[in-house]
Amino acid sequence: NVHGNQTIILLQNFNSTSSIGTIRDDVVLDCKGNMVNTSVKAISVNGERNNTIKSCLIRTSGTSSYGVEYLSSAMNNLIFNTTINTSGTSAYGVYFSSSHNNTLTNTTLNIPSANDTISSSASGNTLINTTFDRGNLSISGSSTVYVKWYLLVNVTDQNGVPLANVSVNITNNTNSLLISNITDNF
């Protein structure tokens, strides 16, 4: 178990048949691009708050070997710039259970045998700029999961010069207007 108020830096790949452990309040786990490779649940956050998991490549291969699980009121945690691959039956990428306001940002979930993300009695969890299979998002009970994307729009003329005061309209696939705005003055 990793206890709070510290930064843990993974200096090399972690290959094991056991979990990296349970993270406690206010921990930053920075994998620095290294791999956490295990046949069980890779990382568990059970009732803890304000943790960050970043720059990790997480791979699990066992049955029910979740990449990351958030349990029992785990709140305000962040997964950033991370790739999660699981290959076992019921091996979800991220499992939210009774956990709230957790965020995945700039993360990729590659989960061929189970749901990329499952949410059970969890609310306010958000995926921002996260790549996953929309058909593999499982939400049950009173759960909410928000999916958001950043969009940067750059309007230029044929010479590449930014244009000011240009109307930009964004519509969805049914042509309903989602947002309308004017580019900034340069």
Side-chain angles (χ1 to χ4, degrees), residues 19-20 23 29 31 33 35-46 48-155 168-181:
S19 171
I20 205 165
I23 295 178
L29 172 61
C31 294
M35 183 186 313
V36 175
N37 188 13
T38 180
S39 59
V40 296
K41 296 173 189 170
I43 301 169
S44 180
V45 180
N46 190 347
E48 306 303 330
R49 299 170 184 221
N50 305 317
N51 297 292
T52 300
I53 298 166
K54 68 180 188 175
S55 301
C56 296
L57 175 56
I58 298 172
R59 289 188 181 163
T60 67
S61 59
T63 300
S64 299
S65 58
Y66 312 143
V68 178
E69 66 176 355
Y70 290 113
L71 306 171
S72 304
S73 298
M75 302 178 68
N76 303 322
N77 297 290
L78 171 66
I79 298 175
F80 179 75
N81 197 28
T82 291
T83 298
I84 300 173
N85 298 295
T86 68
S87 60
T89 305
S90 299
Y92 310 116
V94 178
Y95 179 60
F96 298 112
S97 178
S98 301
S99 58
H100 314 284
N101 302 321
N102 300 292
T103 303
L104 281 69
T105 302
N106 298 339
T107 293
T108 300
L109 304 173
N110 297 310
I111 319 300
S113 302
N115 291 101
D116 290 3
T117 303
I118 188 165
S119 183
S120 175
S121 300
S123 63
N125 296 303
T126 304
L127 287 67
I128 301 172
N129 279 0
T130 293
T131 302
F132 67 101
D133 181 345
R134 286 185 357 188
N136 283 334
L137 176 62
S138 175
I139 301 172
S140 64
S142 60
S143 292
T144 55
V145 174
Y146 301 102
V147 178
K148 300 178 180 182
W149 296 92
Y150 291 115
L151 176 65
L152 300 175
V153 178
N154 181 16
V155 180
V168 176
N169 297 317
I170 299 173
T171 59
N172 64 13
N173 61 347
T174 63
N175 217 21
S176 296
L177 183 65
L178 298 176
I179 191 168
S180 180
N181 215 331

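- Ring orientation note: the planes of Y95 and Y66 are tilted relative to one another, at an angle of 30° to 60°.
- Interatomic distance, N101 CG to S123 OG, rounded to the nearest 0.5 Å: 6.0 Å.
- With rounding to the nearest 0.5 Å, the separation of CE in M75 from CG in N50 is 9.0 Å.
- Considering every non-hydrogen atom in both A91 and G62, the closest pair reads CB-O, 3.7 Å.
- In this structure a side-chain-to-backbone donor-acceptor pair under 3.5 Å is present from S143 to A122.
- At distances below 3.5 Å, at least one donor-acceptor pair connects side-chain atoms of N125 with backbone N or O atoms of S99.
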Start with the C-alpha gap between F132 and V147, add the side-chain angles, then the distance that decides, and say whether side-chain contact (heavy atoms from CB on, under 4.5 Å) holds. CA-CA 10 Å; F132 67 101; V147 178; 3.8 Å; yes

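- Proximity of T38 to I20: side-chain heavy atoms (C-beta onward) are nowhere separated by under 4.5 Å.
- Atom OG1 of T82 sits about 10.0 Å away from atom CG of L109, to the nearest 0.5 Å.
- The distance from atom CD1 of I111 to atom OG of S87, rounded to the nearest 0.5 Å, is 9.0 Å.
- Not one N or O on the side chain of S138 forms a donor-acceptor pair closer than 3.5 Å with the backbone of N115.
- The backbone N or O of L177 sits nowhere less than 3.5 Å from a side-chain atom of N169 that would complete a donor-acceptor pair.
- Judged by distance alone, with hydrogens and angles left aside, the side-chain atoms of S19 form a donor-acceptor pair with the main-chain N or O of A42 at under 3.5 Å.
- With D116 contributing its side chain and D133 its backbone, the two residues share a donor-acceptor pair below 3.5 Å.
- Taken from CD1 in I170 to OG in S176, the straight-line distance is 14.0 Å, to the nearest 0.5 Å.
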Mind running side-chain contact (heavy atoms from CB on, under 4.5 Å) on I79 and Y70 for me, showing each step along the way? CA-CA 11 Å; I79 298 175; Y70 290 113; 3.2 Å; yes

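- No donor-acceptor contact under 3.5 angstrom links the side chains of N81 and N106, judged on distance only.
- One distance of note links CD1 of I53 with CD1 of I43; it measures 4.0 Å at 0.5 Å rounding.
- With respect to F96, the side-chain contact (heavy atoms from CB on, under 4.5 Å) criterion is satisfied by exactly one of I118, N102, T144, V68: N102.
- The shortest distance between side-chain heavy atoms of S98 and S72 does not fall below 4.5 Å.
- For N136 (side chain) and R134 (main-chain N/O), no donor-acceptor pair under 3.5 Å exists by modelled atom type.
- When each of T131, T86, T83, N85 is checked for a side-chain hydrogen bond (donor to acceptor under 3.5 Å, both in side chains) with N110, only N85 meets the rule.
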Carefully, step by step, assess I23 and E48 under the rule side-chain contact (heavy atoms from CB on, under 4.5 Å). CA-CA 7 Å; I23 295 178; E48 306 303 330; 5.9 Å; no

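- Between G88 and S113 the shortest heavy-atom distance is O-CB, 3.7 Å.
- Side chain of N76 to main chain of R49: no donor-acceptor pair is present (N/O by atom type, distance under 3.5 Å, no hydrogens or angles).
- For the pair S121 and H100, the tightest heavy-atom approach, listed with the atom from each and the gap, is O-CE1, 4.0 Å.
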Given V168 and V155, is the side-chain contact (heavy atoms from CB on, under 4.5 Å) satisfied, shown in steps? CA-CA 9 Å; V168 176; V155 180; 3.9 Å; yes

